[in-house]
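Following: one structure in structure tokens, then a few remarks.
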Amino acid sequence: MNPITMNLVADDIIRFALREDMNAGDLSTESVCPERREAEVQLIAKAEGVIAGLDVFERAFTLLDPRTSFDARVADGDAVEPGQLLGIVRGDARVLLSGERVALNFLQRMSGIATYTRRMAAALEGTKTRLVDTRKTTPGLRIFEKAAVEAGGGANHRYNLSQAVMLKDNHIDAAGGIAAAVAGARAHAPFVCTVEVECEDLDMVREALEAGADIIMLDNMTHEQMAEAVALIGGRAKVEASGNVDAGNIRALADLGVDFISSGALTHSAPILDLSLKHLRMV
């Protein structure tokens with residue numbers, strides 16, 4: 001994450017998490033370390049996976065004390081093995097103890113998403129299809145979770161509602177049809193914005209094409225319907241496949257020739273990657 005984004009956006013989220021965990025101090029740490037003492041602790045992988053969020057992990061400590069240092073032995077996107085030393089955190093023992101849980105929570109969550117994304121993205125190797133995420137993220141953590149998708153080899157769909165137009169079923173109903181919805185989007189949104197239309201059947205695909213959609217999402221269609229839709233679109237718009245995508249069916253979807261496959265599961269269903277801070281010692 002670039003330092004400007006870290007300062008403007010991420011720091012507030014990390015500070016909130018730290019305040020949540022010790023709004024009135026850290027009773028355990030204060031009991032055993034009433035004064036500053038230099039120490040170091042090891043970051044260890046306890047499971048196989050892909051690392052993401054090392055900068056966020058480090059920031060949880062340096063926000064407590066900027067004198068803290070993190071000697072990382074891996075980089076975001078690296079595959080790790082159980083028992084592998086991933087880095088060493090050095091600084092005031094009170095900071096290492098008090099910041100441990102928050103730092104690990106961010107790192108484990110982001111690494112779990114990167115691990116799951118890597119597994120899904122690997123199934124697309126050799127195709128033109130790109131794996132993208134959705135807005136189905138944990139409230140308040142989107143910036144971290146979308147960064148984790150990228151570290152795992154996926155790409156980001158729109159970041160938020162201000163970035164692009166996506167006309168879903170309820171938007172279409174509100175407008176009175178696809179043609180009216182697309183026309184409204186062209187009239188209102190900046191000209192640099194793409195317009196995507198979510199389609200549930202071939203009739204909607206035809207309407208979206210006639211209305212001039214830039215991207216057509218094939219939502220929860222059968223494999224056969226998607227094949228027909230791709231042939232019907234014939235390159236006149238980008239095609240995104242979505243709905244119940246998993247590691248078992250993603251390759252079959254890519255083989256249809258779609259441009260993008262979106263999966264909410266990348267962020268809403270990825271388990272954490274088990275990591276630990278161990279072997280703290282005074283130096």
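Bear in mind that the values here come from a model prediction, so they are computed numbers and not experimental data.
- Between Ile88 and Arg73, the closest side-chain pair of non-hydrogen atoms falls below 4.5 Å.
- No continuous path of ILVMFWY side-chain contacts below 4.5 Å connects Val50 to Val74, so the two sit in separate hydrophobic clusters.
- Here the CD atom belonging to Glu196 is positioned 8.0 Å from the CZ atom belonging to Arg158, to the nearest 0.5 angstrom.
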- Task: Give the intermediate values and the outcome of salt bridge (charged side-chain N to carboxylate O under 4.0 Å, His left out) for residues Lys128 and Asp259.
- Result: CA-CA 7 Å; Lys128 72 168 187 175; Asp259 299 287; 3.4 Å; yes
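- At a threshold of 4.5 Å between side-chain heavy atoms, the hydrophobic network of Ile, Leu, Val, Met, Phe, Trp and Tyr places Ile233 and Met166 in two separate groups.
- Proximity of a side-chain donor or acceptor of Arg118 to a complementary backbone N or O of Gly152 within less than 3.5 Å is detected.
- The minimum heavy-atom distance linking Val165 with Ala189 is given by the pair CG2-CB, 3.7 Å.
- Every pair passing side-chain hydrogen bond (donor to acceptor under 3.5 Å, both in side chains) that includes a residue from residues 97-106 is listed here, sequence neighbours excluded: Asp26-Ser98, Arg101-Asn105.
- The closest donor-acceptor contact from the side chain of Arg109 to the backbone of Ala270 lies under 3.5 Å.
- Counting heavy atoms of neighbouring residues, nucleotides and ligands inside a 6.0 Å radius, atom CZ of Phe16 does not exceed 12 of them.
- Residues Asp92 and Leu64 fail the side-chain proximity criterion, which asks for heavy atoms closer than 4.5 Å.
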- Item | Cys199/Met221 under side-chain contact (heavy atoms from CB on, under 4.5 Å): CA gap, chis, key distance, verdict | CA-CA 9 Å; Cys199 297; Met221 291 187 184; 4.3 Å; yes
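- Contact annotation: the side chain of Thr117 never approaches that of Glu150 to less than 4.5 Å [non-hydrogen atoms, C-beta and beyond].
- Comment: Asp214 engages Arg186 in a salt bridge, judged by a side-chain N to carboxylate O separation of less than 4.0 angstrom.
- Annotation: Leu8, atom CG; neighbour count of heavy atoms from other residues, nucleotides and ligands within 6.0 Å is above 12.
- Val195 and Val239 end up in different hydrophobic clusters when Ile, Leu, Val, Met, Phe, Trp and Tyr side chains are linked at under 4.5 Å.
- Asp219 CG to Met204 CE: the interatomic distance, rounded to the nearest 0.5 Å, is 9.0 Å.
- Within 6.0 Å of the CD atom in Glu48, the count of heavy atoms belonging to other residues, nucleotides or ligands does not exceed 12.
- Counting only heavy atoms from C-beta outward, the side chains of Val95 and Arg67 never approach each other to under 4.5 Å.
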- Task: Apply side-chain hydrogen bond (donor to acceptor under 3.5 Å, both in side chains) to the pair Ser262 and Ser242, showing each step before the final yes or no.
- Result: CA-CA 5 Å; Ser262 57; Ser242 184; 3.1 Å; yes
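- Put simply, the residue from Phe144, Phe70, Phe106 that forms a ring pair (Phe, Tyr, Trp, His ring centres under 6.0 Å) with Phe57 is Phe70.
- Note on Lys146 versus Asp133: salt bridge recorded, some NZ/NE/NH1/NH2 to OD/OE distance being below 4.0 Å.
- Here the closest non-hydrogen pair linking Ser276 and Lys46 is CB-CD, 3.5 Å.
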Residues 243-251, side-chain donor-acceptor partners within the protein, below 3.5 Å, at least two apart:
from: Asn244; atom 1: ND2; to: Asn220; atom 2: OD1; distance (Å): 3.1
from: Asp246; atom 1: OD1; to: Gly248; atom 2: N; distance (Å): 2.9
from: Asp246; atom 1: OD1; to: Asn249; atom 2: N; distance (Å): 3.0
from: Asn249; atom 1: OD1; to: Asp246; atom 2: N; distance (Å): 2.9
from: Asn249; atom 1: ND2; to: Asn244; atom 2: O; distance (Å): 3.0
from: Arg251; atom 1: NE; to: Asp255; atom 2: OD1; distance (Å): 3.2
from: Arg251; atom 1: NH1; to: Ala123; atom 2: O; distance (Å): 3.2
from: Arg251; atom 1: NH1; to: Glu125; atom 2: O; distance (Å): 2.8

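- Residue-environment remark: CZ (Arg90) exceeds the threshold of 12 foreign heavy atoms within 6.0 Å.
- Linking ILVMFWY side-chain heavy atoms closer than 4.5 Å, directly or via other members, places Leu280 and Leu27 in two distinct hydrophobic clusters.
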- Task: Evaluate the side-chain contact (heavy atoms from CB on, under 4.5 Å) criterion for residues Leu104 and Leu43: first the C-alpha distance (whole Å), next the side-chain angles of each, then the deciding distance (0.1 Å), finally the verdict.
- Result: CA-CA 9 Å; Leu104 283 173; Leu43 176 63; 3.9 Å; yes
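- Put simply, the side chain of Gln84 never gets that close to the backbone of Val80: no donor and acceptor are under 3.5 Å apart.
- Between the CG atom in Leu131 and the CG atom in Leu253 there is a gap of 11.0 Å [rounded to 0.5 Å].
- Met282 contributes atom CE, which lies 4.0 Å from atom CZ of Arg37 (distance to the nearest 0.5 angstrom).
- With hydrogens and angles disregarded, a donor-acceptor distance shorter than 3.5 Å links the side chain of Asp76 to the backbone of Leu54.
- Glu145 contributes a side-chain N or O that, together with a main-chain N or O of Thr138, makes up a donor-acceptor pair within less than 3.5 Å.
- Put simply, the side chain of Asn7 gets close to the backbone of Pro3: a donor and an acceptor are under 3.5 Å apart.
- Nearest heavy-atom pair, Gln42 versus Leu85, reported as atom, atom and distance to 0.1 Å: CB-CD1, 3.7 Å.
- To the nearest 0.5 Å, atom OG of residue Ser28 and atom CE of residue Met22 are 12.0 Å apart.
- Side chain to side chain, Asp65 and Thr68 fail the donor-acceptor criterion of an N or O pair below 3.5 Å.
- Residues Met110 and Met6 fall within the same hydrophobic cluster, defined by Ile, Leu, Val, Met, Phe, Trp and Tyr side chains chained together at heavy-atom separations under 4.5 Å.
- The distance from atom CG of Asp11 to atom CZ of Arg59, rounded to the nearest 0.5 Å, is 4.0 Å.
- Side-chain contact check for Thr267 and Thr137: no donor-acceptor pair (N or O, by modelled atom type) lies under 3.5 Å.
- Contact record, Leu18 with Gly99: CD2-CA, 4.5 Å, taken as the closest heavy-atom pair.
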- Item | side-chain contact (heavy atoms from CB on, under 4.5 Å) between Glu228 and Val205, intermediate numbers included | CA-CA 10 Å; Glu228 288 186 59; Val205 171; over 6 Å; no
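- Residues Glu240 and His157 come closest through the heavy atom pair OE1-NE2, 2.9 Å.
- Smallest separation of non-hydrogen atoms from Ile178 and Ala211: CG2-CB, 4.3 Å.
- Checked by atom type and distance alone, the side chain of Thr129 pairs as donor or acceptor with a backbone atom of Val258 at under 3.5 Å.
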- Query: Can Met1 and Ile143 be said to form a side-chain contact (heavy atoms from CB on, under 4.5 Å), step by step?
  - Reply: CA-CA 9 Å; Met1 190 176 301; Ile143 190 170; 4.2 Å; yes
